[in-house]
2 protein chains.
Amino acid sequence: LINLNEINKCYQVGDQPLQVLNNIKLNIDSGEYISIMGPSGSGKSTLLNMIGLLDRPDSGQLIIDDIPTHALEEEQRAKVRRNNIGFIFQNFQLIPRLTAEENAALPMMLAGIDIKIRKQRVAELFSQLGIEQRLHHLPKQLSGGQLQRVAIARAMVMSPKILLADEPTGNLDQRSGWDVIDVLESLNTEGITLLVVTHDLQLGQRAARQLAMVDGKISEDCTKGEG
Amino acid sequence: LINLNEINKCYQVGDQPLQVLNNIKLNIDSGEYISIMGPSGSGKSTLLNMIGLLDRPDSGQLIIDDIPTHALEEEQRAKVRRNNIGFIFQNFQLIPRLTAEENAALPMMLAGIDIKIRKQRVAELFSQLGIEQRLHHLPKQLSGGQLQRVAIARAMVMSPKILLADEPTGNLDQRSGWDVIDVLESLNTEGITLLVVTHDLQLGQRAARQLAMVDGKISEDCTKGEG
Ligand SMILES: Nc1ncnc2c1ncn2[C@@H]1O[C@H](COP(=O)(O)OP(=O)(O)OP(=O)(O)O)[C@@H](O)[C@H]1O
Ligand SMILES: Nc1ncnc2c1ncn2[C@@H]1O[C@H](COP(=O)(O)OP(=O)(O)OP(=O)(O)O)[C@@H](O)[C@H]1O
Ligand SMILES: [Mg+2]
Ligand SMILES: [Mg+2]
C-alpha cells in the first residue's frame with residue numbers, strides 16, 4: 001500500500017545542513033500494524049509527515065496505493081491525503097475558535113457530509129474516548145489529555161484507509177491511554193493500516209511490526225512471529 | 001513554604017458549571033519532592049497553575065513563603081512568581097520568533113542579567129539536557145521532545161526556589177526522559193522544592209511524597225518511609 005524508496009530530507013539552519021531522513025527504504029502492506037520508536041530528534045515525526053503527504057522529501061519516491069505522490073501537484077496531493085489518510089499530530093493542531101465537536105467533525109464537513117451524520121459519528125467516537133462531556137468546550141477549556149483525544153477523534157471520523165498517529169498517548173494516564181489503544185487497534189482489526197510513533201514501550205511492543213529509528217535511518221525492522 | 005487552604009475553582013461552560021478544584025488543602029515544606037498523578041481531566045494542571053500564580057482560585061488562601069498571594073494585585077503576584085517559581089508547561093509555551101537559546105534565556109533577560117552569563121547558563125543546561133546542538137533553532141525547527149527540553153531549561157535558568165513541572169517527559173524517549181529526571185532531582189538535592197505532574201508511573205514513584213488527584217480532589221497523600 002505504501003512504498004518509500006530512497007527517501008531523503010535535509011534541513012538547513014543557518015549554514016548548518018542537517019540530514020534528518022537518510023536514504024529511507026520502507027514497504028508497508030495494507031492492514032499492517034506498525035510502531036516506530038527511537039530517540040527524541042531521530043526523525044520519527046518527519047518520516048510520518050512524509051508518509052502523510054504533509055511534507056515533501058528532497059529526493060526519492062513515495063508511492064501510496066500505486067499513486068506516485070512525489071510527482072503530483074500540491075492540490076492532487078491534498079486530495080489523496082483527504083481521501084486516504086487520518087493524522088494525529090504530536091502537538092494536536094486544533095483550531096482555537098472551534099469547539100471540540102466542530103474540530104473533530106471538520107474532515108466530514110469538508111467532505112460535504114450531512115450534519116446529522118457528523119454529530120452522530122463524533123458523539124460515538126467521543127464516547128469511546130471518554131470525552132463525551134467535552135463536545136462544546138473550546139480547546140483552551142480542555143486539559144492536555146482531552147485535547148489529545150479530540151485530535152484522535154478528528155483523525156478517525158472518515159474511517160481513513162491509513163491512520164498515522166504521532167505520540168497518541170503522550171498526555172494520557174494509563175486508563176485513558178488504553179482506551180485510545182483499544183480504539184486504534186479495533187480500527188486496525190477492521191482493516192485500517194495503522195502506524196504509531198510512540199515513546200511508550202508498552203504501546204510500541206503491541207504492534208505486529210516494530211521499527212526503530214536512529215539518526216534519520218531505520219535501524220531495526222522486526223516482525224513478530226506467528227507463535 | 002507553600003500552603004493551600006480550601007482552594008476552589010469552578011469553570012462555567014455555557015450553562016454548565018464545572019467544579020475543577022474542590023476544597024483543596026495542601027501543605028508543602030521547603031525542599032520537598034512531590035509527584036501528582038491522576039486521570040486526564042482530574043485537575044492536575046489547574047492545581048499546578050494555582051500554585052504557580054498563573055491562575056486565581058475562586059475562594060481559599062494560597063500562601064507562598066508567608067506571602068498571602070491570593071490577596072495581592074496582579075503586578076505583585078507576577079513579581080513573586082518571577083522571583084521564586086520556575087514553570088514547565090504541558091504545552092511548552094515557547095515564543096515562535098525566538099531561538100531555543102533566546103527562549104530559555106528569557107527569564108534572565110527580564111531580570112537584567114548580563115548576556116555573557118545568560119549564554120553560559122543556557123549552554124550548561126542545554127548540554128545537560130542533550131540539546132546543545134539546537135541553540136539557534138526556532139521552535140518550528142525542533143522535534144516535540146526538543147521543544148519540551150527547551151521549556152525545561154527555561155524553567156531552571158534562574159535556579160528558582162520552587163520548580164513546577166507539568167508532564168516534563170511526555171514527549172521524550174526513555175533515555176532523554178532519564179536525563180531530564182536526573183537534572184530535576186539534582187536541583188531538588190540542592191534544596192529546590194520540586195512538584196512534578198506526570199502520567200509516567202515510574203517517574204511519579206521516585207518522588208518522596210506522592211499525591212493522587214481524582215475529580216478535583218486530592219484522594220491520596222503518601223510519604224515514603226525512611227527504610
Ligand atoms: N524545519 C526544520 N528545520 C530544521 N531542523 C528541523 C526541522 N524540523 C525538524 N528538524 C530537526 O530534525 C530532527 C528530527 O525531528 P523530528 O521532529 O522528526 O524528531 P522526532 O523523532 O519526532 O523527535 P521527538 O521524539 O522529540 O518528537 C530534529 O533534530 C529537529 O531538530
Ligand atoms: N478554562 C476552562 N474552562 C472550562 N473548563 C476547563 C477550563 N480549563 C480546564 N477545564 C476543565 O477542567 C478539568 C481539569 O483540567 P486540567 O487541565 O487541570 O486537567 P489535568 O488533570 O491536567 O488533565 P491532563 O492529564 O489531561 O493534562 C478538565 O475536565 C477540563 O475540561
Ligand atoms: Mg516527534
Ligand atoms: Mg494537564
Side-chain angles (χ1 to χ4, degrees), chain A residues 11-16 18 20 37-46 48-49 89-92 94 99-100 129-131 133-149 166-167 169-177 179-180 197-202 204 212-214, chain B residues 11-16 18 20 37-46 48-49 89-92 94 99-100 129-131 133-149 166-167 169-177 179-180 197-202 204 212-214:
Chain A
Y11 286 117
Q12 193 85 13
V13 181
D15 59 352
Q16 283 269 11
L18 195 66
V20 169
M37 292 186 276
S40 171
S42 54
K44 306 180 296 299
S45 294
T46 305
L48 216 66
N49 288 343
F89 294 91
Q90 189 168 5
N91 64 354
F92 317 147
L94 299 178
T99 64
L129 294 164
I131 48 169
Q133 305 217 348
R134 295 289 177 270
L135 284 167
H136 310 300
H137 282 230
L138 293 172
K140 67 179 182 191
Q141 297 171 323
L142 295 172
S143 79
Q146 291 164 347
L147 292 168
Q148 189 153 40
R149 285 175 280 171
D166 199 346
E167 309 281 356
T169 61
N171 283 282
L172 297 173
D173 57 285
Q174 289 260 337
R175 187 154 157 230
S176 311
D179 289 343
V180 166
V197 168
T198 184
H199 284 305
D200 183 342
L201 211 61
Q202 275 199 318
M213 271 192 85
V214 181
Chain B
Y11 286 116
Q12 193 85 13
V13 180
D15 59 351
Q16 284 270 9
L18 196 65
V20 169
M37 291 186 276
S40 170
S42 53
K44 305 179 297 298
S45 294
T46 305
L48 217 65
N49 288 342
F89 293 90
Q90 189 168 6
N91 64 355
F92 317 149
L94 300 177
T99 64
L129 294 164
I131 48 170
Q133 304 216 348
R134 294 290 179 271
L135 285 166
H136 310 300
H137 281 230
L138 293 170
K140 67 180 182 189
Q141 296 170 324
L142 294 172
S143 79
Q146 291 164 348
L147 291 168
Q148 187 152 40
R149 284 175 280 171
D166 199 346
E167 309 281 356
T169 61
N171 283 283
L172 297 173
D173 57 285
Q174 290 259 339
R175 187 157 156 227
S176 313
D179 289 343
V180 166
V197 168
T198 185
H199 284 306
D200 183 343
L201 211 60
Q202 275 199 320
M213 271 192 86
V214 181

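Order of the sequence lines sets the chain letters (A, B, ...), proteins ahead of strands, with each chain counted from 1. In this text, all values refer to a predicted model and were calculated from it rather than measured experimentally.
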Colleague: I need the residue from B:Val20, B:Asn171, B:Leu201 with the largest number of non-hydrogen atom pairs under 4.5 Å to chain A.
Modeller: B:Asn171
Colleague: Distance from B:Leu142 atom CG to A:Ser45 atom OG, nearest 0.5 Å?
Modeller: 12.0 Å
Colleague: Going by side-chain hydrogen bond (donor to acceptor under 3.5 Å, both in side chains), name the residues that satisfy it together with A:Ser176, two or more places apart in sequence or in a different chain.
Modeller: A:Asp173
Colleague: Which bit of A:Ser143 comes within less than 4.5 Å of chain B, counting heavy atoms only: side chain, backbone, both or neither?
Modeller: side chain
Colleague: Under 4.5 Å heavy-atom distance to chain B, tell me which part of A:Asn91 shows up: side chain, backbone, both or neither.
Modeller: neither
Colleague: Identify which part of A:Leu18 has an atom lying under 4.5 Å from any heavy atom of chain B, answering side chain, backbone, both or neither.
Modeller: side chain
Colleague: Is A:Gln141 close to chain B through its backbone or its side chain, or both, or neither, when contacts mean heavy atoms under 4.5 Å?
Modeller: side chain
Colleague: Taking atom CD of B:Gln174 and atom CE of A:Met37, what is their separation to the nearest 0.5 Å?
Modeller: 10.0 Å
Colleague: In Å, rounded to the nearest 0.5 Å, how long is the span from CD of A:Gln16 to CD of B:Gln133?
Modeller: 8.0 Å
Colleague: Using a cut-off of under 4.5 Å for heavy-atom pairs, which of A:Arg175, A:Glu167, A:Arg149, A:Gln148 has the most such pairs with chain B?
Modeller: A:Arg149
